[in-house]
Each structure stands twice: as structure tokens, then as C-alpha cells.
Amino acid sequence: MNRPNSNSKNRIQEDPNNTSDTNFIRQEIEADLASGRFEGRVHTRFPPEPSGYLHIGHAKAICISYGIAEDYNGFYNLRFDDSNPITEEHEYVEAIKRDVHWLGFDWEDREFYASDYFETLYEYAIKLIEKGKAYVCDLTPEEMRTYRGTLVAPGKNSPYRNRSIEENLTLFQGMRNGEFSDGSRTLRAKIDMTSPNLNMRDPVMYRVLRAPHYRHGNNWCIYPTYDFTHGQSDSIEGITHSLCDVQFEDHRPLYDWFLESLEIYQPRQIEFARLNLTYTVLGKRKLKILVEEGHVNGWDDPRLPTLSGLRRRGYTPEAIRDFCNRIGVSKADNLIEIGQLEYSIRDDQNKRAPRVLAVLNPVKVVIDNYPEGQVEMLDADNNPEDENAGTREIPFSREIYIERDDFMEDPPRKFYRLAPGREVRLKHAYYITCNNVVKDDAGEVIEIHCTYDPETRGGWSDDGRRVQGTLHWVSAEHAVDAEVRLYDSLFTEREPENAAEGTDWIQFLNPDSLEVLNHCKVEPSLVGAPPESRYQFLRIGYFCIDPDTTSEQLVFNRTVPLRDSWAKIQKGQK
RNA sequence: AGGGCGGUGGCCAAGCGGUAAGGCACAGGUCUUUGGAACCUGCAUGCGUAGGUUCGAAUCCUACCCGCCCUGCCA
């Protein structure tokens, strides 16, 4: 990792869009740096449990923890908090690593697993028993709940709380040796059953659980709880700043109690608010339900806010990091509008995505005065926002497809597109004027007849003539068929989880979140593009090649539509 | 109800006793071979409420109101 860095922080502070440069966490870290609290070190970590895929909320956490380590010239670890063998799988480890790398972060050789600390944790537990600070308890789960008390009533001491150190040592060894049945005994911290902080009411440190661990097989039949694992893991790794969700704020006294009782190195935990997004759900359990109950097609369904879903949808890591920088960091509850995320990908793709012509809902146009059989290759710039993007050639011929929405027989005011008697520009090609239309028996327009002006090649007119509209098109003879998947929000409610008292969020799934269009017409240059290639379909939106694409069939995902002020005008007219 | 943490424009978010940054959204406008982009303009006499301290308060004090989290041998 680069050492002294005097520039990266300044670079960030110069970016007016970045609100993270002055956030309260950085202020605390700077105070620690100034006071020499951690000998000037900054060492953070991202501690996922491998029981699901990463989502945009994790991206926020990663950007905060890793971004801070980078900016203060420190280090960051990736640690899997894998202390519950029931829910964890190796598949998730791989998926998480892939996503973190994809986001653009490299933890180098600092990849750790809490489960690798099991032996140390076991020794820590014995140390607490020896200090009289932990005891083996025989209460059943139900009994323990009763003894714990309530939010307003204090708990009462377990009848097993005063076992001798010797007996506790023997019993705990017995737990490890498999002498007791699952759930029959626990090791508990001896703290204070009357504490107003429920986490301090003699929390469980170890449970008996005969389940194979994905990394350690059947080596263990007792597993430490998260509370007894997390803080010590940070300590073992020499983390200076443990940045986490505000939900762990009242666990901090417990972590500190363990660390102080164990007399081991103590990191500083700082909490921030988790991300919430409109029209979706974030939260491992809910996402898992969507995937496992088949409401979506896997963890990488483009409608999901998972990183793999966003990737498949066409989001770039740069756009996601930009989003995370823009939303800032605080402790206040928040609900970010999905439009904020969309802004970041549009901004990113506007600068980078090659423009191509594609017609999603085609209607044929015949240019009556264009020579039959003639084909011209026309120059088209690949990206007007990028002067280095170059140009390509696209074929033009007598019959083309245009968007059905770009023609109206009886247009309203402000409709700048094709209509009988109207002249419009075909992007990169010619001006055409509509003469008449052919309809089928149902009255639907099936063919639009036009004439073109040969003097307007390239889309220019020397006589100063102005046309109101510019249409995208594709030569019928050269067009390639494609499947295009249009996505809308996964939920119909802004806050599916809070939409109605006592209702199930799943009922707010949007039945129209996926619309598949077949026989869309795209320009031939798109043949052979690899998955994840991203384009702007001119005048429509940003699209990305889906991995379902074969040599026979192109499949595109719509990442996000272009902003559409015509749609707004239409809405206002209704 | 006990504890913890929050409350600055529609959504985020700076602000740290000297008179409300910025982004998204929205509304106008300029420009335009994408109704895109870019550019310009507008958008909190107000910081949960009520008092108080002060020459001066979003910032300090007091009380109250509202929201979120905590009663897994999940993380």
C-alpha cells in the first residue's frame, strides 16, 4: 500500500460532490491521529458474514471503512465473521470476495476468518472462567428468556451463576468434548442481570451446536456467539477503528467489557447509520427470501440491489462508489431516493458509454425516393461526450425501422417527431418527410412512407432549414434482432417495509418489474459484444449485454432510461 | 415503560457561538444532429417544539414532543 500520501485526501476535499470528506467519523479519526491514540495508525476492516450476497448497503460500509483507510494511508482487512455454521457457506465467501474486488478494493493478503480464531477464543473463554467472569449455565432457552427480564424489568440471576471455577472449567471442557446435547448448556459472561442494557445481562458466549462448519468441518461442537467473537477478532487483528452499523451501539459496552476483562488490545468502535433505499429492500434476510422463494431469478437478478444484481443490470463500480460518496455518512436514519443511485450511473455512462442505434418497438419506414438495393455507409460518432471515442460506419438503405412512439398520425402540440407532412432528421443520416401510411385491418400503422432529401446527407442542411426532431433508426436489411429486458422498481411502494401497519412487505412486489421485449432491432456493430458491454441506445437509455447472450441471440438489460422530458410534458398534458 | 441513538428544505448532508455549504429532486431559461448532456437562474428570515443564557444561538442550558434500535443459545 502506498505510504505517505499527502495528496489523496486533498483530492477528495476538492471534489464538491463528496460529502464524505468532512463526516464525523473522519473527524474522530483525525482527533485520534492528533492525540497519538493508536500511534498514528489507521486500520479498518469489513466484516461480512458469509451467509448471503453483498448489497448496496454493504457497498456503503465498504466505501466508508476502506475509503478511510486509503485516505489516511492505513490498511484494511477483509474478515469473514463466520461463527454460525448453520447459515454460512463457502459459495458466499467467493461471491463476497468477487464483489469487493469488483468494487475496486484490494485487501491484499489481509483476508481473515473469525473461525480461524476459534482456538484463541476458547482460551479467552477459559481465562474469563478463571477470573470468575464466566460460568456454564444449564438454563433452557425458554428459561433463559424468563430470567433475562424485560426492557423495563430487571432480570434475575441464573441458579447456575455461582458454580465454582473448577466446576465451570470441567463443564466447559465437557461442552467442547461433546458430552452434552445441543442447547443443553451455554457458557455465559457474568456481568449484571439488572443492567438496563440487555446485552449486559449475562450474555451467552458459547453454545453447544453439532453442525459442520464450512471451513472447519466437525472440529467443533461448540461455537462462540457473535458478541464473543467480533470484538476480540478486531482486537486480534489490531484494528484501530471498528466502523459499524448503529445497531451495535449498545453492544459496544459488552465488547469493551470482554476486551478489558481479557486485558487485550482495544480498538475503537464508531457507528454510522445503515443505508435505506426507496422502492426496494436491503437486508440479508429479506433478500434471501426473495431469492429462495423465487420472486426473482437468483442473487444476481438485475432487479435486486445486490452488487451482483447491479453489476448484471449494468451498474459500474465507479457509479456505485460515486453514489456512496454523494450520500454521505451520519448517524441519522435515512431513506435515499433511488433516483440518487440512477443519477450516479447516468453521470458515469454519459461520459463513457458508446452510443448506438437500437429500436425497441419497431415500425417500418419506406423511403420511396431512395434507390432500391442501394446501401450507404454513414459515419457516426461513438460518443459526443468523449472526443477520443472515434466514429464507426452504419448502413443506411431504403427500408428502415424507427420507434413506433416516434410517429403519430395526429400529433399533439410540442410533438417534435414524425407525422404526416412533417420533416425530421434521421440521426447521422438524412432528413425525411412523411407522405402517407399503410395500415392493417385493425387500423394499426404497419408502414410509413417517406421521401428523403439527398442534400442532407449526414443530417445537415446547407440552406439553414431547421427540423424539430431527430430520430434514431436502423436499416431493416442490416438490423439484428435482440431481446431487451426492461426493469422497473421491484416494489410498488416507496417504503415496502413500512407501507402499511401489520402487512407483509412481499405483497408490494411490482408485478411489472420485468418486461421482456423480443425482436428489437439493433445496429449490426453490436454482434459479438461480450457480456457486461455497456451502451447508450440513443435517445432511450443505458443498456448492458446480459450473460444470457448467445451467438444466436443478443440479450440486453436496460440499466436505466435516459431522462425523458417529453414524458414529463405528456404527463402534464393529461 | 428501562437503556442507547437520532431530529437542518421533497430526499441526503455540511455546520462545532458571528448571522443556514453542497448534491439529488423540482421549476424556469440558454444551447443542442440524443426532448440526452452541458450551462444559467430560482428553490430554508429557517435548523422537532417551548422557554432561557448571550451583543449575537442550528450550535450552550432546561423542559417537552417525535422517530429508530435493544427482551436470539442470529449476525
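Every heavy atom of this structure was used, including side-chain atoms; hydrogens, water molecules and symmetry mates were not. To find a chain, count down the sequence lines: A is the first, B the second, and so on, and within it residues start at 1. Not measured: the values here are computed from a predicted model.
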In whole Å, measure the gap between the [atom1] atoms of [N] and [M] for me.
| N | M | atom1 | value |
| --- | --- | --- | --- |
| A44(B) | C12(B) | C1' | 15 Å |
| C73(B) | C68(B) | C1' | 27 Å |
| U54(B) | U59(B) | P | 16 Å |

Is there a donor-acceptor pair closer than 3.5 Å between any side-chain N or O of D453(A) and the backbone N or O of Y430(A)?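 Not confirmed, D453(A) side chain does not pair with Y430(A) backbone.
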Is a donor on one side and an acceptor on the other found under 3.5 Å between the side chain of H216(A) and the backbone of S115(A)?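 Checked: pair present.
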Separation of E88(A) atom CD from A75(B) atom C1', in whole Å?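 Taking atom C1' of A75(B) as the reference, CD of E88(A) is at 9 Å.
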For atom CG of D182(A) and atom P of C73(B), their distance in whole Å: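 Roughly 15 Å, once rounded to whole Å.
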Any side-chain N or O of [X] below 4.0 angstrom from OP1/OP2 of [N]?
| X | N | value |
| --- | --- | --- |
| R252(A) | G4(B) | no |
| R26(A) | A14(B) | no |
| R201(A) | G3(B) | no |
| R425(A) | U34(B) | no |
| K568(A) | C26(B) | yes |
| S565(A) | G36(B) | yes |

Would you classify [X] as touching base, sugar-phosphate or nothing, given that sugar-phosphate means primed atoms plus P, OP1 and OP2, and contacts are heavy atoms under 4.0 Å?
| X | result |
| --- | --- |
| R417(A) | base |
| L139(A) | base |
| Y343(A) | sugar-phosphate |
| E271(A) | nothing |
| T225(A) | sugar-phosphate |
| H428(A) | base |
| L335(A) | sugar-phosphate |
| L562(A) | base |
| H230(A) | nothing |
| R466(A) | sugar-phosphate |

Output all residues satisfying side chain to side chain donor-acceptor pair (under 3.5 Å) with R207(A), sequence neighbours left out; order by chain, then residue number.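 Testing R207(A) for side chain to side chain donor-acceptor pair (under 3.5 Å), a comparison that skips the adjacent residues, returns none.
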